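What follows is a short report on a single structure.
Starting from 1, each residue takes its place in the sequence as its number. All values below were derived from every heavy atom in this structure, side-chain atoms included, with hydrogens, water molecules and symmetry-related copies excluded. Since the model is a prediction, treat every value here as computed from it, not as a measurement.
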Amino acid sequence: MSQENLEIQQHILEKLYKIRAMGAKHFRIDNLVRGVPSHVRGELKKEIENLIRKDYIRWYNRSKGALHLNLDKFPEIIEFLQLDRRTNP
């Protein structure tokens with residue numbers, strides 16, 4: 001996986017973590033994509049799908065495009081975010 005993909009995944013997970021989108025709280029993909037340059041949006045959506053496959057994030061309401069963090073994988077998510085911070089000061 002390239003460094004750029006890791007940065008996109010980190011951005012997604014940090015955004016969901018900052019707003020505490022876990023359990024009953026959720027965040028819509030539309031709002032996640034907002035603020036990202038248009039040439040990066042396709043990659044962002046691909047990385048969202050990759051994170052769903054890794055089971056780091058789950059669909060909260062698929063018809064509304066809402067996501068939240070998987071609480072079962074929360075320790076792994078925190079480790080992933082801290083690992084990336086150590087490699088990129």
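The distance from atom CG of L67 to atom CG of L32, rounded to the nearest 0.5 Å, is 7.0 Å. Here CD1 of I29 is found 8.5 Å from CZ of R62. Values are rounded to the nearest 0.5 Å. Taking CG from L16 and NZ from K25, the interatomic distance works out to 11.0 Å, rounded to the nearest 0.5 Å. A distance of 8.0 Å separates CD in E49 from CD1 in I57, rounded to the nearest 0.5 Å. To the nearest 0.5 Å, atom CD1 of residue I8 and atom CG of residue L51 are 10.5 Å apart. Atom-to-atom distance recorded for L13:CG and F80:CZ is 6.0 Å, nearest 0.5 angstrom.
Panel note: side chain N61, backbone A66; no donor-acceptor pair is recorded below 3.5 Å.
Sorted by first then second residue, the side chain to side chain donor-acceptor pair (under 3.5 Å) pairs that include residues 32-46, not counting sequence neighbours, are N31-R34.
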Run the side-chain contact (heavy atoms from CB on, under 4.5 Å) test on E47 and L44 for me, step by step, so that the C-alpha distance in whole Å, both residues' side-chain angles and the decisive distance to 0.1 Å come before the verdict. CA-CA 5 Å; E47 293 306 320; L44 186 95; 5.9 Å; no
Between Y17 and I12, does a side-chain contact (heavy atoms from CB on, under 4.5 Å) hold up when you go through it step by step? CA-CA 9 Å; Y17 177 75; I12 294 166; over 6 Å; no
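In this view, Y60 and H26, H68 satisfy the ring pair (Phe, Tyr, Trp, His ring centres under 6.0 Å) rule, not counting sequence neighbours.
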Taking distance alone, no hydrogens or angles, what donor-acceptor pairs closer than 3.5 Å link side-chain atoms of residues 71-78 to residues at least two apart or in another chain?
| from | atom 1 | to | atom 2 | distance (Å) |
| --- | --- | --- | --- | --- |
| D72 | OD2 | R58 | NH2 | 3.3 |

